Amino acid sequence: MCEDDHENDHAGIGRRAVFVTGAAAALTLSTVSFASAAGGTGPRTRTVRGTLPPGSPDFVYVPVEVPRGVREIHVAYTYDRPTVPAGIQGNALDIGLFDERGTDLGGRGFRGWSGGARTEFFVRADDATPGYVPGPVRAGTWHIALGPYTVAPQGLSYEITITLTYGEQGETPRPVYPPERARGRGRAWYRGDCHLHSEYSDGRYTLAEIARLARAAGLDFINSSEHNTHSAHAHWAGLAGDDLLILLGEEVTTRNGHVVALGTDPGTFVDWRYRARDNRFGRFARQIRRAGGLVVPAHPHATCIGCNWKFGFGEADAVEVWNGAYTPDDEVALADWDGMLVASVRDGRRDWIPAMGSSDSHRSPDVIGRPQTVVLADDLTREAIQEGIRAGRSYVAESSRVSLSLTASGGRGEHAGIGERLRVDADTPVTVRLEVTGAPRCTVRLVTDQGVLFTSDPLPVSGAGTVQWRTTASYAAYVRAEVRHEAAAGPLPGALAAFTNPVFLGS
């Protein structure tokens, strides 16, 4: 039975205070207070209600004064979902928690985020709801973080029930993380899926299911990438093995696009509470790299609210061009990436942004490993895989059935592969060769800075074939390959079965 059930009303405008956190504006509501433990061990509950108007700030904080002697914090919430006209967004309200260390951007107070995936959560020293971080419940001002993702014209009415359970705290477990090395094959092509979701954010897969399905998909490595939380990091160790390298990261899910932090140090949390106009992304991109990770903008042309990438690509180590089942927004992302390649060679730059592909799987029937990034690495280690991705020694395939080999060679034995440069004079004849397996009836296209300059006949039903094309560096500054299914009706070419990063030509 809960004791001391009280209600607070946050509906009045006068109870609100708008402040700036150093990034996006935020709204802080009046404080919710609890009595001291006074020797009791039973739960005590407060319920708060309020309404957020259209145009509310991105983040709304509910301060909660937590007294000494609290064992567990439990939060449940609901909000209304009124009917809205077609073309108008309804209500969606995310939620998370910061402890007594505060809500400063990039600070140490983060204790968890579940977005809109859960209606309740708890935190205590020895355990927490997936998405949240176990640890001591210390006295001080905690903050429930609300994220009004979209607000209907009628406003968003919410109710939050906060329950504190008093008593002796348990012991916080020491985190154990997966190893940074698996049993590799030396320098070889390794297959991975770097964008996945589980029950630790808005997915439905368990971590064990992801590991099992990754192995079944023929993957050698995966990257943990939950939305705005690192809470899964400490739960992967028992699922790694000699046959599966598990990298740790986060999908940093801002209101102006998502970025995958790929292969960061265990326990790294990257804040997401900023927009492009706040000029904060560079700070957190640098944090990802300091933590040993790669910065990979995800699905840059996705059509969901807040998914379209608006931070530019100056901080990107790679870009996710293909996300899940191949769709028109992936086709746009592929064309946009190719435009970036053209700009790099036009401007005489040697730096370029490699492309990747990942499944972004959340639940069945999402297919883990469709697509997958196939990386040429010196070994199956965190560092070697990241170096292969950063160098662009990779291609993207729809499944482990598809394999590619793209090379360019000159007349004197010069040779270069994917992500490399064939150093030849401008008019030296160059032979481009692509070997394909696992792509029945697919068509090969060779794409250069001038566009598509070669299209093959369909491959045989066996799915295996080889195509060759002759060119020069003066005619093609780079060559990359696309393997496409038979074209469907409509303006788009057939969906991709695979594509490569480029081979560059010329000195």
Side-chain angles (χ1 to χ4, degrees), residues 177-196 207-208 210-225 236-249 260 262-264 266 292-294 296 317-318 322 354-359 367-409 415-420 433-439 463-466 480-481 483 497-503:
Y177 302 112
E180 296 187 6
R181 175 183 297 272
R183 182 179 296 167
R185 304 181 296 276
R187 188 172 178 82
W189 292 94
Y190 296 100
R191 295 176 178 268
D193 190 345
C194 295
H195 186 170
L196 299 158
L207 302 188
I210 289 176
R212 175 179 60 81
L213 291 168
R215 289 179 165 98
L219 300 181
D220 301 295
F221 66 93
I222 59 174
N223 179 66
S224 176
S225 56
W236 279 108
L239 299 170
D242 287 344
D243 62 334
L244 185 65
L245 174 69
I246 298 179
L247 306 177
L248 303 176
V260 172
L262 197 167
T264 52
L294 302 183
V296 184
D317 295 304
W322 184 354
M356 295 182 60
S358 296
S359 71
V367 179
I368 290 173
R370 186 185 71 176
Q372 53 195 241
T373 300
V374 190
V375 183
L376 179 61
D378 289 334
D379 208 346
L380 188 51
T381 67
R382 169 189 172 191
E383 183 178 0
I385 292 296
Q386 289 175 318
E387 175 54 31
I389 292 171
R390 188 185 295 109
R393 298 193 303 267
S394 62
Y395 64 89
V396 181
E398 66 180 356
S399 74
S400 60
R401 294 187 298 273
V402 182
S403 295
L404 303 182
S405 173
L406 177 67
T407 59
S409 57
H415 181 88
I418 297 170
E420 299 175 339
R433 179 183 176 91
L434 179 73
E435 298 177 8
V436 185
T437 60
T466 300
R480 61 178 184 83
V483 181
F499 76 93
T500 73
N501 276 300
V503 181

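Counting begins at 1 with the first residue of the sequence. Fair warning: this is a prediction, and the values are worked out from it, not measured in the lab.
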**Asked** Does the Q372 side chain pair with the main chain of G369, one donor and one acceptor, at a distance under 3.5 Å?
**Response** yes

**Asked** Counting only N and O atoms by type, is there a donor-acceptor contact under 3.5 Å from the side chain of T264 to the main-chain atoms of L248?
**Response** yes

**Item:** Pairwise side-chain contact, F221 with T381, heavy-atom cut-off 4.5 Å (strictly under)
**Value:** no

**Asked** What closest approach, in Å, do G293 and D317 show between heavy atoms, and which atom pair accounts for it?
**Response** O-OD2, 4.3 Å

**Message:** Check whether S225 reaches the backbone of L196 with its side chain - one donor and one acceptor, N or O, closer than 3.5 Å.
**Reply:** yes

**Heavy-atom side-chain contact between L219 and I368 under 4.5 Å** = yes

**Request:** In sequence, state the C-alpha distance, the side-chain angles, and the governing distance for L239 and I246, and then conclude on side-chain contact (heavy atoms from CB on, under 4.5 Å).
**Result:** CA-CA 8 Å; L239 299 170; I246 298 179; 4.3 Å; yes

**Request:** Inspect the surroundings of CD in E383 and state if more than 12 heavy atoms from other residues, nucleotides or ligands are less than 6.0 Å away.
**Result:** no

**Asked** Step by step, would you call M356 with L262 a side-chain contact (heavy atoms from CB on, under 4.5 Å)?
**Response** CA-CA 12 Å; M356 295 182 60; L262 197 167; 3.7 Å; yes

**Prompt:** Does any non-hydrogen side-chain atom of I385 lie less than 4.5 Å from one of L245?
**Reply:** yes

**Request:** Determine yes or no for a side-chain-to-main-chain donor-acceptor pair under 3.5 angstrom, with E180 supplying the side chain and L247 the backbone.
**Result:** no

**Prompt:** Tell me, do I389 and S394 make a side-chain contact under 4.5 Å, heavy atoms counted?
**Reply:** no

**Prompt:** Just checking, any donor-acceptor pair under 3.5 angstrom between side chains of S400 and R370?
**Reply:** no

**Asked** For R181, does the CZ atom sit with more than 12 other heavy atoms under 6.0 Å from it, leaving out its own atoms?
**Response** no

**Request:** Kindly give the heavy-atom pair with the smallest separation between L380 and G184, and that separation in Å.
**Result:** CB-CA, 3.7 Å

**Prompt:** Which of these, L404, V374, D220, sits in a side chain to side chain contact (heavy atoms under 4.5 Å, CB included) with W189?
**Reply:** V374

**Request:** Without swapping roles, check the side chain of N223 against the backbone of C194 for a donor-acceptor pair under 3.5 Å.
**Result:** yes

**Prompt:** What's the shortest heavy-atom distance between R480 and L406, and which atoms?
**Reply:** CA-CD2, 4.2 Å

**T373 side chain vs G357 backbone, donor-acceptor pair below 3.5 Å** = yes

**Message:** Check R185 with D379, please: is the shortest side-chain N to carboxylate O separation under 4.0 Å?
**Reply:** no

**Item:** Heavy-atom pair of closest approach, residues A397 and A498
**Value:** CA-CB, 4.0 Å

**Message:** Looking at D193 and A214, would you say the former's side chain and the latter's main chain have a donor-acceptor pair under 3.5 Å?
**Reply:** no

**Request:** Measure across S403 and Y395 and return the closest heavy-atom pair with its distance rounded to 0.1 Å.
**Result:** CA-OH, 3.4 Å

**Request:** Identify the two heavy atoms, one from S224 and one from W236, that lie closest to each other, and give their separation to 0.1 Å.
**Result:** OG-NE1, 3.0 Å

**Message:** Any carboxylate oxygen within less than 4.0 angstrom of a Lys/Arg side-chain nitrogen, looking at D378 and R187?
**Reply:** yes

**Prompt:** Between S399 and R401, is there a donor-acceptor pair closer than 3.5 Å when you use the side chain of the first and the backbone of the second?
**Reply:** yes

**Message:** Applying side chain to side chain contact (heavy atoms under 4.5 Å, CB included), can you list everything that pairs with R215, at least two apart in sequence or on another chain?
**Reply:** A211, D243, L244

